[in-house]
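Because only heavy atoms are used, hydrogens play no part in the values below, and waters and symmetry mates are left out as well, while side chains stay in.
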Amino acid sequence: MADPKGFMTTPRQDRPRRPVAERVRDWDEVYVPGALLPIITKQADRCMDCGIPFCHEACPLGNLIPEWNDLVSREDWRQASDRLHATNNFPEFTGRLCPAPCEAGCVLAINQPAVTIKNVEVAVADQAWELGFTPPRPPDRLSGRTVAVIGSGPTGLAAAQQLTRAGHTVAVFEKDDRPGGLMRYGIPEFKMEKRHLDRRIDQMRAEGTKFRTSTAVGQDVGAAELRTRYDAVVIATGATAWRELDVPGRELAGVQQAMEYLPLANRVCQGELAVSPMSAAGKHVVIVGGGDTGADCLGTAVREGAASVTQLDIYAQPGGERDEDVEPWPTYPKIYRLSAAHEEARELETAPAADADARLFAASTLRFTGDEDGHVRSLHLVEVDAARRPVEGTERTLPADLVLLALGFSGPDRRDGLVEQLRLEMEPRGTVARDAGFGTNVPGVFVAGDAARGQSLIVWAIAEGRAVAAAVDRYLTGSSQLPAPIGPYDRPMTV
């Protein structure tokens, strides 16, 4: 604990964002370059080095947060990097994309603004790369065992890196043309520039991990055949079966799923397309769904030059402070949060009819109507009460040339045939069933991440990847020294 009084003398200071008018003209990350280092050591000083650090419990990775806070306060970047990477394969991803449940569990957050844990994390990760503290770590010897990992999202990448470093020969199969899963084609560039992802993929290749892109297991290669070719298989395909909206007019052109829209914008950023065929430029856009994916669509549509953008959230607008009776510390509370995309929408007034920023809260879609060519032109909505029942007399109509459905995901997409070919047992909610050791009903086939857990956070995805790697290593060798931060049935803290 570098400064015992730091939490009393230093106020919280977040990483500054670039001006809205500047950042919406490009696809770069929204933060001011280089602005974090001058403030981060003092922010790390605010950590109280608690006797029982609840930030550990709030983070499924078990990140050693007080330890690397202390090291950052002393500007010992090498040791901070070592402590950070001891529990997290990809802190530059989580430092940018995780909603930071660790901060909700910070003891200081009981009566003060929490330590800026997420900002400290990303500062350490970026300094580690800048100062050369993250070289490839190939194994000293090979085990002679082979593992196929299906899916290259955060779970698949974490599992592959852990197993490669343990000495196994690992091949990652990815249906898209580049590895990264939703981090590649789902997360917009302004939230995480893909150079961070490319850098980790290069590191993994240098360590010995093989990548087989443009290869859909179940179609381009049979799932049963893959099982016979490898000593073990890890299914980490994620939960990509999107939820539908069953209302009149859903069939109209221009009513699209968010994950049909976002990948095209990412391909434009990567130089694969000149213009997105689904671009929001000049269109009235309505996003149905109040979560992070909806916010990603919002920021993307603003940058594409939409005429207006409105986001519908079926829940009532939350308050700005934690409700201690409903969601007491240290649980992660549902409060009003202003993401970078919502800040942009508020300042640019993209949705004049919205309640706050671009959002209409307590709003439910009734139907879509279109023109004579079968293209959507309007969205009809109604206000709902806390039980999601329509409130009489509140029906409204919004202009809509492009409607984006961001309603979440129910489980793995089964259209590729993987589940059927392996004859995997499924849970009633649509996820792959597994036992206490991450194993499926098929010997040697394991499942981890959203494919089994259901839609979750990136920290849970990486924790699952690390844990399933330990399970596979134990299956192949009889024992394992790899860390297993969580079990398959562990869940976030709740009341």
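For the pair K334 and E327, the salt-bridge criterion is not met [side-chain N within less than 4.0 Å of a carboxylate O]. Salt bridge E207/R165: present, at least one basic N to carboxylate O contact under 4.0 Å. With salt bridges taken as basic N to acidic carboxylate O contacts below 4.0 Å, none links D82 and R78. A salt bridge links R178 with E272: at least one charged nitrogen is closer than 4.0 Å to a carboxylate oxygen. For R337 and D357, the salt-bridge test fails: no basic side-chain N is under 4.0 Å from an acidic carboxylate O.
Of the possible polar contacts, one joining the Q311 side chain to the G289 backbone as a donor-acceptor pair under 3.5 Å is found. R46 places a side-chain N or O within 3.5 Å of a backbone atom of A114 that can act as its donor or acceptor partner. Side-chain atoms of S480 come within 3.5 Å of backbone N or O of L482 as a donor-acceptor pair. One N or O on the side chain of T350 and one on the backbone of V309 form a donor-acceptor pair closer than 3.5 Å. Between the side chain of K194 and the backbone N or O of M192 there is at least one donor-acceptor pair closer than 3.5 Å. Remark: side-chain polar atoms of R434 are paired, donor with acceptor, to backbone N or O of P488 under 3.5 angstrom. Between the side chain of T237 and the backbone N or O of I235 there is no donor-acceptor pair closer than 3.5 Å. Looking only at distances, no side-chain donor or acceptor of Q79 sits under 3.5 Å from a matching main-chain atom of V72. With D76 contributing its side chain and L71 its backbone, the two residues share no donor-acceptor pair below 3.5 Å. The closest donor-acceptor contact from the side chain of R322 to the backbone of T331 lies under 3.5 Å.
With a 6.0 Å cutoff to the six-membered ring centre and a 45° limit on the axis angle, R303 counts as a cation-pi contact of F190. Relative to the six-membered ring of Y185, R267 meets both conditions, a distance below 6.0 Å and an angle of at most 45° to the axis.
No hydrogens or angles considered: nothing links the side chains of H56 and N63 as a donor-acceptor pair under 3.5 Å. With 3.5 Å as the limit, one finds a donor-acceptor pair spanning the side chains of Q270 and R184. Between the side chains of D450 and Q455, no donor-acceptor pair of N or O atoms lies under 3.5 Å. Side-chain contact annotation: E29 with H196, donor-acceptor N/O pair under 3.5 Å present. Between the side chains of T164 and T209, a donor-acceptor pair is found at a separation under 3.5 Å.
Contact detail for W68 and A80: the closest heavy-atom pair is CB-O, 4.0 Å. The two atoms that bring A160 and V172 nearest to each other are CB-CG2, 3.6 Å, heavy atoms only. Considering every non-hydrogen atom in both C59 and C102, the closest pair reads CB-CB, 4.5 Å. Counting all heavy atoms, side chain and backbone alike, R23 lies closest to A340 at NH2-O, 3.1 Å. Shown here for T155 and G449, the closest heavy-atom pair between the two residues is OG1-CA, 3.5 Å. Minimum interatomic distance between G299 and E344 (heavy atoms only, all atoms of both residues): CA-OE1, 4.2 Å.
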E103/R12 under salt bridge (Lys or Arg N to Asp or Glu O under 4.0 Å): CA gap, chis, key distance, verdict = CA-CA 12 Å; E103 293 188 17; R12 177 179 171 115; 3.1 Å; yes

Chi angles and distances behind the side-chain contact (heavy atoms from CB on, under 4.5 Å) call for V147, T169 = CA-CA 6 Å; V147 183; T169 300; over 6 Å; no

Apply the test side-chain contact (heavy atoms from CB on, under 4.5 Å) to residues W329 and V107: give CA-CA distance (whole Å), side-chain angles for both, the deciding distance (0.1 Å), then the verdict.
-> CA-CA 9 Å; W329 175 89; V107 173; 3.8 Å; yes

Passes side-chain contact (heavy atoms from CB on, under 4.5 Å), I486 versus E464? Steps please.
-> CA-CA 7 Å; I486 60 171; E464 288 247 349; 3.7 Å; yes

Going through the distances and angles, do L312 and F361 end up as a side-chain contact (heavy atoms from CB on, under 4.5 Å)?
-> CA-CA 6 Å; L312 307 186; F361 289 95; over 6 Å; no

CA sep, side-chain torsions, deciding dist, call: D355, R359, salt bridge (Lys or Arg N to Asp or Glu O under 4.0 Å) | CA-CA 6 Å; D355 299 321; R359 285 173 280 191; over 6 Å; no

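Separating the CG atom in L476 from the OG1 atom in T146 is a distance of 8.0 Å, to the nearest 0.5 Å. Distance CD1/I39 to OG1/T10: 11.5 Å, rounded to 0.5 Å. Atom CG of N89 sits about 9.0 Å away from atom CG of L157, to the nearest 0.5 Å. Summarising the geometry, atom OG1 belonging to T293 is positioned 7.0 Å from atom CG belonging to L262; distances are rounded to the nearest 0.5 Å. Atom CZ of residue F7 and atom CD of residue Q112 lie 7.0 Å apart, to the nearest 0.5 angstrom. Atom CD of E304 is separated from atom OH of Y261 by 3.5 Å, given to the nearest 0.5 angstrom.
By the 6.0 Å contact criterion, CD on E193 is enclosed, its count of non-hydrogen atoms from other residues, nucleotides or ligands being greater than 12. Counting heavy atoms of neighbouring residues, nucleotides and ligands inside a 6.0 Å radius, atom CD of E324 exceeds 12 of them. Other residues, nucleotides and ligands place more than 12 heavy atoms under 6.0 Å from the CD atom of E22. Other residues, nucleotides and ligands contribute more than 12 heavy atoms inside 6.0 Å of the OH atom of Y336.
Between L405 and R243 there is no side-chain heavy-atom pair separated by less than 4.5 Å. You'll find the side chain of R18 stays beyond 4.5 Å of the side chain of V30, heavy atoms only. Looking at V115 and N69, their side chains come closer than 4.5 Å, going by heavy atoms from C-beta outward. Residues I287 and V285 have side chains in contact (heavy-atom distance under 4.5 Å, counting atoms from C-beta outward). Contact of the M183 side chain with the P154 side chain is registered, since non-hydrogen atoms from C-beta on lie closer than 4.5 Å. Side chains of V447 and F438 form no contact here, defined as non-hydrogen atoms less than 4.5 Å apart. Between F133 and W77, the closest side-chain pair of non-hydrogen atoms falls below 4.5 Å. Side-chain contact between D296 and K191: present, with at least one pair of heavy atoms (C-beta onward) separated by less than 4.5 Å.
Screening residues 83-117 for ring-ring contact (aromatic ring centres under 6.0 Å, His included) gives F90-F93 as the qualifying pairs, with residues at least two apart or on separate chains.
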Donor-acceptor list for residues 116-130 side chains, cut-off 3.5 Å, not counting sequence neighbours:
| residue | atom | partner | partner atom | Å |
| --- | --- | --- | --- | --- |
| K118 | NZ | C98 | O | 2.7 |
| E121 | OE2 | N88 | ND2 | 3.2 |
| E121 | OE2 | T94 | OG1 | 2.9 |
| D126 | OD1 | R96 | NH1 | 3.3 |
| D126 | OD1 | R96 | NH2 | 3.4 |
| D126 | OD2 | R96 | NH2 | 2.9 |
| W129 | NE1 | E92 | OE2 | 3.3 |

